[in-house]
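Below: the structure, in structure tokens.
No hydrogens, no waters, no symmetry mates; every other heavy atom, side chains included, goes into these values.
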Amino acid sequence: MQQKSKTSESDTHQSNQWKSWTWRSALRARGRKILSGLPGIGLSLLAGGLAIWGARHSQFPAMMIALLLGASCCSFRRSLLLAPGLKLTVRVLTRIGVALLGLQISVATVLQLGGGSLLFLVAATVATIGLTVLAAPLFGQRREFGLLIGGATAICGASAALAISGVLPPSERLNRQLSFTIMAVTLLSTVDMVAYPAGLLALGFGDERAGFVLGASIHDVAQVVGAGYAMSDTAGETAVVVKLFRVMLLFPLVFTLAHVGRRSGGAGAAPRLPFFILAFLAGVVVNTTGVVPVPLVEATTLISQLMLTASVFAVCVLTPFLDVTRGGPAPAAMSVLATLLILCLALAASIYLPSFH
């Protein structure tokens with residue numbers, strides 16, 4: 001009995017030693033991976049910071065500047081020093097940026113829009129994404145590309161595209177589709193920011209109605225702010241509230257995609273829980289309580305913008321520009337049609353919703 005007891009204690013001790021060694025080895029491997037990624041992450045953050053600084057001192061949006069910087073540095077993707085960090089930026093910093101978006105949203109604020117407006121925004125989001133996905137094969141494109149274009153158009157531009165790509169199966173094709181989506185929605189948002197206010201003024205829209213249309217139809221948050229406040233403070237405030245509700249819809253979309261992905265992966269598929277989107281939801285809940293100080297909200301907004309612009313830079317560096325544009329005119333046509341679709345829906349809602357009469 002004593003011999004068996006000693007043998008059992010020895011086996012337990014060896015098992016604990018093995019577990020400790022395995023844990024330490026995994027920790028060291030993770031540490032080496034992070035260290036190898038620091039140069040590329042640092043470059044991406046520097047580019048993101050330059051993009052934000054440039055946006056504040058020019059008329060160009062930060063996403064546009066980050067896109068141009070990434071395209072001009074595409075030769076860096078072959079660098080053994082920078083490539084690991086650029087890939088980590090796309091995988092990790094994107095999720096941090098999306099998670100921090102939640103702290104910019106308060107449920108109490110968006111409820112001020114009224115039930116009719118909120119129901120319309122949900123319906124317009126579903127319709128835009130659904131029709132774009134269904135139309136993708138007609139343009140010779142895969143449905144995942146329709147999902148990227150539709151989600152980016154319907155919700156929040158490049159940020160939505162990055163979040164959606166985070167729960168889709170990774171591939172070189174997805175990287176090309178993501179790069180094109182970011183380029184397309186950023187360009188279209190910039191055109192919208194200039195064209196829509198002039199068009200709405202010509203149509204004689206009031207401030208609140210115009211703000212609703214701008215917030216419901218322009219892709220990126222920054223361009224919504226620029227277009228709304230270019231018309232008036234009232235239009236700007238309305239546009240931002242509408243846009244923030246559209247950003248809230250990112251949670252159910254990404255959560256649904258992750259759930260569908262787990263089910264279609266079969267019983268042996270590894271679970272892909274979207275922790276970053278759960279953190280996004282937690283941020284919305286915390287900000288709704290009103291306990292978050294305004295300076296902290298402003299700081300997290302800036303950090304989120306930095307993470308996302310850095311991710312756009314990294315995506316564009318890792319994807320050759322010629323690969324992005326080799327699909328011909330069909331992807332561009334899809335992007336334009338999705339933009340026109342959500343604009344028409346927003347105009348119709350502003351005319352028929354009783355809150356604007």
Side-chain angles (χ1 to χ4, degrees), residues 51-52 54-72 124-125 128-129 131-132 135 139 145-146 148-162 177-203 205 209-232 235-236 238-240 242-243 246-247 305 308-309 312 315-316 321 324-325 327-350:
I52 294 171
R56 294 182 176 181
H57 294 83
S58 71
Q59 299 299 316
F60 293 97
M63 291 293 186
M64 175 71 73
I65 297 174
L67 187 153
L68 294 174
L69 286 173
S72 65
T125 299
T128 302
I129 296 173
L131 289 174
T132 308
F139 288 85
F145 177 68
L148 286 172
I149 287 290
T153 301
I155 297 181
C156 55
S159 303
L162 289 164
Q177 293 170 339
L178 177 61
S179 294
F180 180 86
T181 301
I182 290 172
M183 180 178 68
V185 297
T186 302
L187 288 171
L188 288 169
S189 288
T190 305
V191 172
D192 296 347
M193 180 179 65
V194 177
Y196 286 8
L200 293 172
L201 285 173
L203 291 172
F205 276 43
R209 180 176 291 182
F212 176 85
V213 173
L214 295 173
S217 59
I218 297 179
H219 312 332
D220 283 312
V221 175
Q223 281 88 323
V224 169
V225 173
Y229 283 98
M231 295 190 69
S232 70
T238 304
V240 169
V242 172
K243 184 61 184 177
R246 289 172 65 195
V247 176
Q305 187 181 17
L308 293 172
T309 50
V312 168
V315 166
C316 293
F321 182 74
V324 173
T325 57
M334 279 186 61
S335 305
V336 172
L337 289 175
T339 298
L340 292 176
L341 170 62
I342 200 164
L343 172 62
C344 292
L345 291 173
L347 287 169
S350 71

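- Residue Thr190 comes nearest to Thr186 through the heavy atom pair OG1-O, 2.8 Å, listed as atom of the first residue, atom of the second, then distance.
- Residues passing the ring pair (Phe, Tyr, Trp, His ring centres under 6.0 Å) test with Phe145 are Phe180, sequence neighbours excluded.
- Here CG of Leu188 is found 10.0 Å from CE of Met183. Values are rounded to the nearest 0.5 Å.
- The two atoms that bring Val185 and Ala152 nearest to each other are CG1-CB, 3.7 Å, heavy atoms only.
- Considering every non-hydrogen atom in both Cys156 and Val247, the closest pair reads CB-CG2, 3.8 Å.
- Rounding to the nearest 0.5 angstrom, the gap separating the OH atom in Tyr196 from the CG atom in Leu201 is 15.0 Å.
- Taking the side chain as every heavy atom from C-beta outward, Leu341 and Leu337 never approach each other to under 4.5 Å.
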Determine, stepwise, if the pair Thr132 / Thr153 fulfils side chain to side chain contact (heavy atoms under 4.5 Å, CB included). CA-CA 10 Å; Thr132 308; Thr153 301; over 6 Å; no

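- The two residues Met63 and Ser159 have their closest heavy-atom pair at CE-OG, 4.1 Å.
- Rounding to the nearest 0.5 Å gives a distance of 8.0 Å between CG of Leu200 and OG of Ser350.
- The closest side-chain heavy-atom distance from Ile155 to Thr128 is not below 4.5 Å.
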Would you tabulate the side-chain donor-acceptor contacts of residues 214-230 under 3.5 Å, counting partners in other chains and residues two or more places apart, or write 'none'?
| unit_1 | atom_1 | unit_2 | atom_2 | d |
| --- | --- | --- | --- | --- |
| Ser217 | OG | Val213 | O | 2.5 |
| His219 | NE2 | Thr339 | OG1 | 3.0 |
| Asp220 | OD1 | Ala158 | N | 3.2 |

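- The minimum heavy-atom distance between Phe139 and Ala333, with the atom names listed, is CE2-CB, 4.0 Å.
- Atoms CZ and CG, from Phe205 and Leu347 in turn, are 5.5 Å apart once rounded to the nearest 0.5 Å.
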Can you list the steps and then say if Leu343 with Asp192 is a side chain to side chain contact (heavy atoms under 4.5 Å, CB included)? CA-CA 10 Å; Leu343 172 62; Asp192 296 347; over 6 Å; no

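- Taking the side chain as every heavy atom from C-beta outward, Thr238 and Met231 never approach each other to under 4.5 Å.
- Summarising the geometry of Ala338 relative to Ile149, their closest heavy-atom pair is CB-CG2, 4.1 Å, with the distance given to 0.1 Å.
- Considering CD1 of Ile182 and CG of Leu187, their distance stands at 11.5 Å, rounded to 0.5 Å.
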